[in-house]
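Reviewing the structure listed below.
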Amino acid sequence: MPIAQAVSGPQSVDRFTPLADALVALEPYADLVQRWAKANPAAPRSIGQLPISGHRDTAVATERAHAQFRSFGGGWKVNAELPETAGFTGASQFVRPEDVAASIPCGPEVEPILDAVGGFIEAGFTDVALVQVGDEGQQEFLDFSESTLLPALRERHGRSA
């Protein structure tokens, strides 16, 4: 069974390259992909993880993303250093809904998702995992993905999207 390891920078890439079969990253940094591929040419798979807060009402999607993913506002370095949930709460207390919406596609629009996926593709990632924020509206998001999002991704980025 292949093992993928989440990494955030050069230290984690260097540490986990010998142990994992694929890289997972939350931000589209080409240097991570290049460092991974150079260190482990036998396992060049790199997976970008993109949270999406899909909903037909952008305000609802933004509020959900803010409630559940506002810790993304501080970046990976902040998140990696926090020892417990109280730390996340404290570090994200001043993150506003619009701050979250600036980094996570929120709402029914396809273009922000296509652009965010494009960032991972441009950085050299081999795969992008789309992660719907929260458990509310999963079926609606799956239906949207099937009817609208996946065809748009394939049109813009090719059949393998």
Before giving the answer on salt bridge (charged side-chain N to carboxylate O under 4.0 Å, His left out), spell out for R35 and D14 the whole-Å C-alpha distance, their side-chain angles and the decisive distance to 0.1 Å.
-> CA-CA 8 Å; R35 190 176 191 103; D14 293 345; 2.7 Å; yes

Where do [X] and [Y] come nearest, in terms of heavy atoms and distance?
{"X": "V100", "Y": "A65", "value": "CG1-CB, 3.6 Å"}
{"X": "A123", "Y": "Y29", "value": "CB-C, 4.1 Å"}
{"X": "S8", "Y": "L32", "value": "C-CD2, 4.1 Å"}
{"X": "P105", "Y": "L50", "value": "CD-CD1, 4.2 Å"}
{"X": "H55", "Y": "R64", "value": "CD2-NH2, 3.4 Å"}
{"X": "I47", "Y": "F125", "value": "C-CD2, 3.5 Å"}

Pairwise distance [atom1]([X]) to [atom2]([Y]) - rounded to 0.5 angstrom:
{"X": "S145", "Y": "Q132", "atom1": "OG", "atom2": "CD", "answer": "8.0 Å"}
{"X": "E27", "Y": "S103", "atom1": "CD", "atom2": "OG", "answer": "9.0 Å"}
{"X": "T148", "Y": "E109", "atom1": "OG1", "atom2": "CD", "answer": "11.0 Å"}
{"X": "T62", "Y": "I104", "atom1": "OG1", "atom2": "CD1", "answer": "9.5 Å"}
{"X": "F16", "Y": "Q11", "atom1": "CZ", "atom2": "CD", "answer": "11.0 Å"}

Kindly determine whether V24 and Q5 satisfy side-chain contact (heavy atoms from CB on, under 4.5 Å), including the steps that lead there.
-> CA-CA 6 Å; V24 176; Q5 176 62 47; over 6 Å; no

May I have the step-by-step check of salt bridge (charged side-chain N to carboxylate O under 4.0 Å, His left out) for D31 and K38, ending in yes or no?
-> CA-CA 10 Å; D31 58 322; K38 183 178 178 185; over 6 Å; no

Apart from I3 itself, what residues make up its hydrophobic cluster when side-chain heavy atoms of I, L, V, M, F, W and Y under 4.5 Å apart count as a link, directly or indirectly?
->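 None; I3 is a cluster of one.
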
Test salt bridge (charged side-chain N to carboxylate O under 4.0 Å, His left out) applied to R156 and E111, step by step | CA-CA 10 Å; R156 182 179 288 184; E111 279 302 313; 2.6 Å; yes

Would you check if the side chain of [X] reaches a backbone N or O of [Y] as a donor-acceptor pair within less than 3.5 Å?
{"X": "S46", "Y": "T126", "answer": "yes"}
{"X": "D115", "Y": "P112", "answer": "no"}
{"X": "Q138", "Y": "G134", "answer": "yes"}
{"X": "H66", "Y": "V95", "answer": "yes"}

Would a 4.5 Å heavy-atom cut-off, applied to side chains only, mark V60 and E63 as touching?
->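 A side-chain contact is absent here, since even the closest heavy-atom pair is not under 4.5 Å.
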
State, with a plain yes or no, whether a side-chain heavy atom of H157 is found less than 4.5 Å away from one of V117.
->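 Yes, close enough: below the 4.5 Å cut-off.
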
Trace of the side-chain contact (heavy atoms from CB on, under 4.5 Å) decision for F141 with I52 | CA-CA 10 Å; F141 180 73; I52 299 169; 3.9 Å; yes

Show your reasoning for whether side-chain contact (heavy atoms from CB on, under 4.5 Å) applies to L130 and L149.
-> CA-CA 11 Å; L130 305 177; L149 179 57; 3.8 Å; yes

Evaluate the criterion salt bridge (charged side-chain N to carboxylate O under 4.0 Å, His left out) for residue pair R45 and D21; output intermediate values, then yes/no.
-> CA-CA 7 Å; R45 190 168 180 206; D21 304 302; over 6 Å; no

Run the numbers on D127 and F120 for side-chain contact (heavy atoms from CB on, under 4.5 Å), then give the verdict.
-> CA-CA 8 Å; D127 302 88; F120 284 101; over 6 Å; no

Has E155 got more than 12 heavy atoms of other residues, nucleotides or ligands less than 6.0 Å from its CD?
->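 Counting neighbours around CD of E155, 12 or fewer heavy atoms of other residues, nucleotides or ligands fall under 6.0 Å, so no.
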
